[in-house]
Amino acid sequence: MIIADIKVAAPLIRAEIEGAQNILLHLHPKPDSNSIGSTLAMTEWLSSLGKTVTLIQGDSAVPVAFSILPGVNSIVPKIFFEVDLNKFDLFLIQDTGALNQISKKGEVIFPNTLKTIIIDHHPSNTGFADVNLITSNYPATAQILYDLFKLWSVKIIPSMAVYLLIGLHGDTGGFIHPGINPGTFSAAANLLAIAPNYSRAVSELGNNREPEEIKFEAMMLANHETYFKNKLRLASISAKQMTKAGIEAKHTEGGWVSISLRSIRGCQIAGTLIEFTPGFCRVSLRSRDGEKYDVSKITGRLNGGGHKAAAGGSINKPFAEAKQELIKTILEVYSELNS
């Protein structure tokens with residue numbers, strides 16, 4: 001059952017939460033501000049209800065920049081397959097558009113005894129839980145939580161407000177991405193009144209980077225390639241190059257390379273292809289106009305999904321072959337790029 005109306009879903013989700021004691025949450029692979037912010041806010045509220053809450057990091061380590069948030073210390077460094085699901089009554093799956101966004105390290109299967117709930121805004125989400133609140137007209141899962149908390153008469157304390165604001169700020173690109181609506185700014189204004197130090201947290205997040213991250217971005221931007229009369233700009237790096245430069249997976253987070261390339265005049269689609277281990281590459285794409293070039297249609301063919309203007313996927317092929325596969329797929333979806 002997929003529910004797009006928050007007012008309809010709210011009492012159903014609240015009833016499941018009230019009836020559960022041991023609750024599991026997770027971060028999606030390569031967690032971003034929305035994944036981290038929304039789960040930390042939910043974790044804090046559930047804990048205030050006396051629930052036993054476990055938030056696992058999932059496939060990827062939490063980016064170092066988020067260490068400034070006090071709730072990060074509560075995140076358990078385990079992947080999905082290291083958790084005994086039989087110990088939980090409820091699995092709250094937030095900001096997760098597909099089963100492989102819970103984990104890419106195996107087949108995700110839930111025991112019959114585990115109730116599952118999705119709270120998400122990805123349009124590609126097919127609804128794989130028992131209760132599925134999927135509202136693709138919201139720009140961030142954090143905004144969905146804000147509206148749920150209002151409907152549940154939850155008292156949002158300053159730390160929760162900061163978490164939700166970070167989620168809103170991150171997934172809207174600093175309140176500039178398509179999909180922002182009046183409710184987004186209303187939520188931000190009300191949360192800011194609760195947490196006036198929010199800008200300090202965002203500033204610290206943006207000024208807490210490692211030298212290797214800048215080195216990675218410099219390498220990618222300096223050597224990016226253009227295709228289809230500069231309509232596509234692609235930066236890529238092999239596992240061998242990363243090892244030689246001392247760059248680890250944690251240094252490649254954030255999507256700044258794609259965003260920078262997209263800003264170049266004439267570019268319609270920008271992306272990165274990173275070979276994390278030999279034969280396994282991850283793809284990140286950004287579109288200048290998501291309505292004209294919906295990049296989730298591309299990543300949907302590459303074991304992924306996402307939003308119209310920002311999406312990701314993966315290719316299980318060696319570096320050179322993966323690059324060819326990516327360009328081929330882009331052209332299959334949008335042949336007009338080559339005209």
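- Under the 4.5 Å side-chain heavy-atom criterion for grouping Ile, Leu, Val, Met, Phe, Trp and Tyr, Met160 is connected to Val53 within one hydrophobic cluster.
- In summary, the aromatic rings of His177 and His307 are positioned with their centroids too far apart to meet the 6.0 Å limit.
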> Can you list the steps and then say if Arg301 with Glu332 is a side-chain contact (heavy atoms from CB on, under 4.5 Å)?
Replying inline: CA-CA 10 Å; Arg301 300 188 182 195; Glu332 286 175 350; 3.5 Å; yes
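- When side chains are defined from C-beta on, Glu44 counts as touching Ser159, because their heavy atoms get closer than 4.5 Å.
- Taking the side chain as every heavy atom from C-beta outward, Pro31 and Ser60 approach each other to under 4.5 Å.
- Here OG of Ser186 is found 9.5 Å from CG of Asn181. Values are rounded to the nearest 0.5 Å.
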>> Assess the residue pair Ile269 and Lys231 against the criterion (side-chain contact (heavy atoms from CB on, under 4.5 Å)); give the C-alpha distance rounded to whole Å, side-chain angles, the decisive distance to 0.1 Å, and a yes or no.
In response: CA-CA 6 Å; Ile269 298 175; Lys231 296 174 191 172; over 6 Å; no
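- With Gln21 contributing its side chain and Gly50 its backbone, the two residues share a donor-acceptor pair below 3.5 Å.
- Side-chain atoms of Gln94 never come within 3.5 Å of backbone atoms of Ile118 as a donor-acceptor pair (strictly under, hydrogens ignored).
- For the pair Leu27 and Ile56, the minimum side-chain heavy-atom distance is 4.5 Å or more.
- Residues Phe81 and Ser103 approach most closely at CE1-OG, 3.3 Å, considering heavy atoms.
- If you run side chain to side chain contact (heavy atoms under 4.5 Å, CB included) between Phe216 and each of Thr272, Val257, Leu221, only Val257 comes through.
- Listed for the Asp59 side chain is no donor-acceptor partner under 3.5 Å among the backbone atoms of Pro29.
- Using a cut-off of 4.0 Å between Lys/Arg side-chain N and Asp/Glu carboxylate O, Lys240 and Glu275 are scored as not salt-bridged.
- Residues Asp95 and Ser38 have side chains that never bring a donor and an acceptor to within less than 3.5 angstrom of each other.
- In this structure a side-chain-to-backbone donor-acceptor pair under 3.5 Å is missing from Asp171 to Ala140.
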> side-chain contact (heavy atoms from CB on, under 4.5 Å) between His169 and Ser33: does it pass, once the steps are laid out?
Replying inline: CA-CA 8 Å; His169 185 275; Ser33 298; over 6 Å; no
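- Side-chain atoms of Asn132 come within 3.5 Å of backbone atoms of Phe128 as a donor-acceptor pair (strictly under, hydrogens ignored).
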> When you look at Ser236 and Lys323, which way does the side chain to side chain donor-acceptor pair (under 3.5 Å) test go after all the steps?
Replying inline: CA-CA 8 Å; Ser236 58; Lys323 187 187 294 187; 3.2 Å; yes
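- Summarising the geometry of Ser284 relative to Ser258, their closest heavy-atom pair is O-OG, 3.6 Å, with the distance given to 0.1 Å.
- No salt bridge links Arg233 with Glu225; every basic N to acidic carboxylate O contact stays at or beyond 4.0 Å.
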> For Ser260 and Arg262, what are the C-alpha separation, side-chain angles and deciding distance, and is it a side-chain contact (heavy atoms from CB on, under 4.5 Å)?
Replying inline: CA-CA 5 Å; Ser260 295; Arg262 183 183 59 184; over 6 Å; no
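- Tested against Gln143 for a side chain to side chain contact (heavy atoms under 4.5 Å, CB included), the candidates Thr172, Leu168, Thr135 yield a single pass: Leu168.
- Under a hydrophobic clustering in which Ile, Leu, Val, Met, Phe, Trp and Tyr are joined whenever their side-chain heavy atoms come within less than 4.5 Å, directly or via other members, Ile264 and Ile259 fall into different clusters.
- Residues Ser124 and Gly305 approach most closely at OG-CA, 4.1 Å, considering heavy atoms.
- Leu165 and Tyr138 fall within a single hydrophobic cluster, where Ile, Leu, Val, Met, Phe, Trp and Tyr are joined by side-chain heavy atoms under 4.5 Å apart, directly or via other members.
- Taking the six-membered ring for Trp and thresholds of 30 and 60 degrees, His26 and Phe91 have ring planes more than 60 degrees apart, a perpendicular arrangement.
- Ring planes of Tyr334 and Tyr293: perpendicular class, angle over 60° (limits at 30 and 60°).
- Atom OG of Ser35 is separated from atom NZ of Lys30 by 13.0 Å, given to the nearest 0.5 angstrom.
- Looking at Asn303, its side chain does come within 3.5 Å of a backbone N or O of Ser314 through a donor-acceptor pair.
- Between Arg200 and Glu204 there is no salt bridge, since no side-chain nitrogen of the basic residue lies less than 4.0 Å from a carboxylate oxygen of the acidic one.
- Using modelled atom types, one side-chain atom of Gln241 and one backbone atom of Ser238 make a donor-acceptor pair closer than 3.5 Å.
- No more than 12 heavy atoms of other residues, nucleotides or ligands lie within 6.0 Å of NZ in Lys297, so this atom counts as exposed by the packing criterion.
- Separating the CG atom in Leu148 from the CE atom in Met42 is a distance of 6.5 Å, to the nearest 0.5 Å.
- When all heavy atoms are compared, the tightest approach of Pro139 to Thr184 is CG-OG1, 3.5 Å.
- Considering only heavy atoms from C-beta on, Leu145 comes within 4.5 Å of Ile119 through its side chain.
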>> One pair to check against side chain to side chain donor-acceptor pair (under 3.5 Å): Thr226 and Asn230. What are the steps and the verdict?
In response: CA-CA 5 Å; Thr226 61; Asn230 298 332; 3.1 Å; yes
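- Atom SG of residue Cys267 and atom CZ of residue Arg286 lie 12.0 Å apart, to the nearest 0.5 angstrom.
- A side-chain donor from one of Tyr146 and Asn190 sits under 3.5 Å from a side-chain acceptor of the other.
- The local environment of CD in Glu18 is crowded, with over 12 non-hydrogen atoms from other residues, nucleotides or ligands closer than 6.0 Å.
- Trp152 places a side-chain N or O within 3.5 Å of a backbone atom of Ala10 that can act as its donor or acceptor partner.
- Residues Ile274 and Phe319 do not share a hydrophobic cluster, clusters being chains of Ile/Leu/Val/Met/Phe/Trp/Tyr side chains in contact below 4.5 Å.
- You'll find the side chain of Ile330 reaches within 4.5 Å of the side chain of Leu232, heavy atoms only.
- In terms of heavy atoms, Leu25 sits closest to Thr39 at CD2-O, 4.2 Å.
- To the nearest 0.5 Å, atom CD1 of residue Ile93 and atom CG of residue Leu133 are 12.5 Å apart.
- In summary, of the residues considered (Asp89, Leu90, Leu85, Leu114), a side chain to side chain contact (heavy atoms under 4.5 Å, CB included) with Leu24 occurs for Leu85 alone.
- Side chain of Asp294 to backbone of Gly290: no donor-acceptor contact under 3.5 angstrom is found.
- Ile194 and Leu69 fall within a single hydrophobic cluster, where Ile, Leu, Val, Met, Phe, Trp and Tyr side chains are chained together by heavy-atom contacts under 4.5 Å.
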>> Would Asp120 and Thr96 count as a side chain to side chain donor-acceptor pair (under 3.5 Å) here? Give the steps.
In response: CA-CA 6 Å; Asp120 186 37; Thr96 300; over 6 Å; no
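- A donor-acceptor pair under 3.5 Å is absent between the side-chain atoms of Lys78 and the main chain of Gln57, judged by distance alone.
- Across Ala201 and Ile166, no two heavy atoms sit closer than the pair CB-CD1, 4.3 Å.
- Under the 6.0 Å distance and 45° angle rule, Arg282 counts as a cation-pi partner of Phe276.
- At a threshold of 4.5 Å between non-hydrogen side-chain atoms, the residues Ile237 and Met220 count as touching.
- Between Asn316 atom CG and Leu302 atom CG the span is 10.5 Å, to the nearest 0.5 Å.
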